[in-house]
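Data first, discussion second: the structure below is written as structure tokens.
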Amino acid sequence: MADLESPACEGVLPLVPRTEPWMEDLLADPETCESLIEEHGSPVNVLDFSPLARNAAELTRAAQDEGVRLSVYVASKANKALGLVDAAREAGLGVDVASFAELQQCLDAGVRGRDLIVTAAVKSHALIELALESGAVVSVDNLDELEDVSHAASAGGTPARLALRLASSDPSIPPTRFGLTTGQWDSALTGTESGTVNVEGIHFHLNAYSSDERAVVLREALPWVDRLRDAGHPVAFIDMGGGIPMSYLAHRTQWTSFWDALAEDTGGALTWRGDNLGLTDPAAARPSSQLYPYWQAPVRGEWLREVLRAPGVDGALIAQDFVARELELRCEPGRSVLDGCGMTLAKVAFRKATSDAVPLVGLHMNRTQVRSTSADFLLDPRWVRPASAGEPSEPVEAFLVGAYCVEDELILRRRLRFPNGVARGDIAAFINTGGYLMHILESASHQLPLAINVVRVGGAWARDRIDATR
Ligand SMILES: *Cc1c(COP(=O)(O)O)cnc(C)c1O
């Protein structure tokens, strides 16, 4: 399977990632990979946002098939590159911002206020003022925040455009720190100075990826829309947040085989020091909820169709409840619309073994640079060998380690097989890291600089504006 151009790297049990054509083009060009690292340092995040529009269109088309108007607001916290904001604007998508800086950057990039929603979990006065001034919708979380927003709106003389963040009261929905219940909001609104706020929508965002849970909360929100409208609020949309699922892996069978094998792996053949990666129930060979389901189905469009075809509140389907109310559906996908947009390249620094003879490959990067809240990133890297790489080692099975001075500094926690050996100057390519993996937890600990982000525009790679001053 491996040729000299692309030496192999795979898990002892392979987990082969899905790729995009732009990724294959770059991986087939080791000299360009090397020059990107030469110029920008290791690791370097490479981004091509062309799949964004296609991913979002899959959602809008699925909704349209059910007769529902869907607007997509890309969750910008999933990737900090300003190329994402440009791509969202060019595709006619909105943006969901989670901080003052994200809001300011979107406005600077020419995104209109009405195409923005502010969902920051904690909102400064400066953020609230900028949101009101720009005409963005503010998702309000609690009563203190409502007071802040309503004061700022009074002072500014323009009513705030609000979405109320809904904390579901349904017993089947896990408790949440976000939002308030319908009852809490209803009593709060009676006390709000009239003319300072317009409730234009209802907002929620759930953990995990269950279409059933989205349907449950939509069934809770729909009758509330009717009550708010009866009370005179111009409610025009329900925003169901993000958490729209995607799959990273090419093959379902590799995913299930991996978990079956891990449940049996008492000797640590598969993982670092026998880490079970949060396997909760060895009998069922299932990952815990601390781990992203790197293979899942249905995803995106098909998943959304499931939500809209779930039973509604008027004896028909949820889709029909939206149509009957002339309600718009909104969503805030991050990860699932960034599918196919990013890759992280890092250079091999050294080969060695631990004091107890476990082979290691050291990379010029640290583990916060391909990391999310998931217990591990369960995709095999691709391996690139530039002409300048040194003499490859013998075939080896090894773990990837990084630059932080801790024993547990593993880049990936699975044992990898290198049938063509490993050379100094080889490049590890982590696939599909555009959604969260490259940015959400990256740290500059040890005063190691953050990775540079390069974006492909018109066939050439250019430093993203987020790194313009570096
Ligand atoms: C993080 C977040 C999102 C994006 O979630 P994904 O899982 O990336 O789709 C959307 N909305 C809110 C409020 C969020 O906090």
Side-chain angles (χ1 to χ4, degrees), residues 49 51-52 55-56 58-60 62 70-81 84-85 87-88 93-99 101-103 106 115-123 127 131 136-142 145 162-168 173-174 176-180 201-211 213-214 217-218 221 237-248 289-294 296 298-301 303-304 307 329-342 371-374 377 432-441:
F49 290 109
L52 183 84
N55 292 333
E58 185 182 327
L59 295 170
T60 43
L70 174 77
S71 296
V72 174
Y73 291 73
V74 179
S76 65
K77 75 164 190 277
N79 192 292
K80 71 180 181 188
L84 173 61
V85 175
L93 308 172
V95 185
D96 158 22
V97 296
S99 69
E102 288 186 4
L103 175 57
C106 285
D115 294 328
L116 293 166
I117 180 162
V118 179
T119 63
V122 177
K123 300 178 184 70
L127 171 59
V137 167
V138 179
S139 166
V140 278
D141 176 77
N142 59 71
E145 200 170 275
L162 296 191
L164 303 178
R165 188 140 178 183
L166 169 61
S168 175
I173 302 296
T176 174
R177 68 165 270 212
F178 293 109
L180 298 175
I202 293 169
H203 176 225
F204 63 89
H205 169 74
L206 305 178
N207 265 335
Y209 311 97
S210 154
S211 58
E213 289 186 357
R214 270 70 183 179
V217 184
L218 287 170
F237 67 86
I238 299 177
D239 182 334
M240 62 187 284
I244 295 172
M246 63 168 277
S247 266
Y248 287 85
S289 60
Q290 307 316 309
L291 207 127
Y292 192 82
Y294 292 94
Q296 56 189 322
V299 299
R300 273 193 301 270
W303 176 92
L304 182 61
V307 174
L329 177 64
R330 294 185 180 181
C331 62
E332 300 158 348
R335 193 192 290 268
S336 61
V337 289
L338 282 158
D339 184 7
C341 294
R371 198 167 189 78
S372 68
T373 53
S374 179
F377 184 44
N432 218 349
T433 52
Y436 297 107
L437 277 305
M438 55 177 64
H439 292 152
I440 196 76
L441 292 178

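Numbers here are sequence positions counted from 1. Order of listing sets the numbers, starting from 1, for every ligand and every atom in it.
In this model, no donor atom of one side chain and acceptor atom of the other lie less than 3.5 Å apart for Y436 and R335.
A side-chain donor-acceptor contact under 3.5 Å links N432 to the backbone of G340.
Within 4.0 Å of ligand 1, protein heavy atoms come from A75, K77, D96, T119, R165, H203, H205, G242, G243, E332, P333, G334, R335, Y436.
Checked against side-chain contact (heavy atoms from CB on, under 4.5 Å), S99 has the following partners two or more places apart in sequence or in another chain: A101, E102. Partners of K77 under the salt bridge (charged side-chain N to carboxylate O under 4.0 Å, His left out) rule, at least two apart in sequence or in another chain, do not exist in this structure. Remark: P174 engages E213 in a side-chain contact (heavy atoms from CB on, under 4.5 Å) (not counting sequence neighbours).
In this structure, the side chains of V72 and T60 come closer than 4.5 Å at one or more pairs of heavy atoms.
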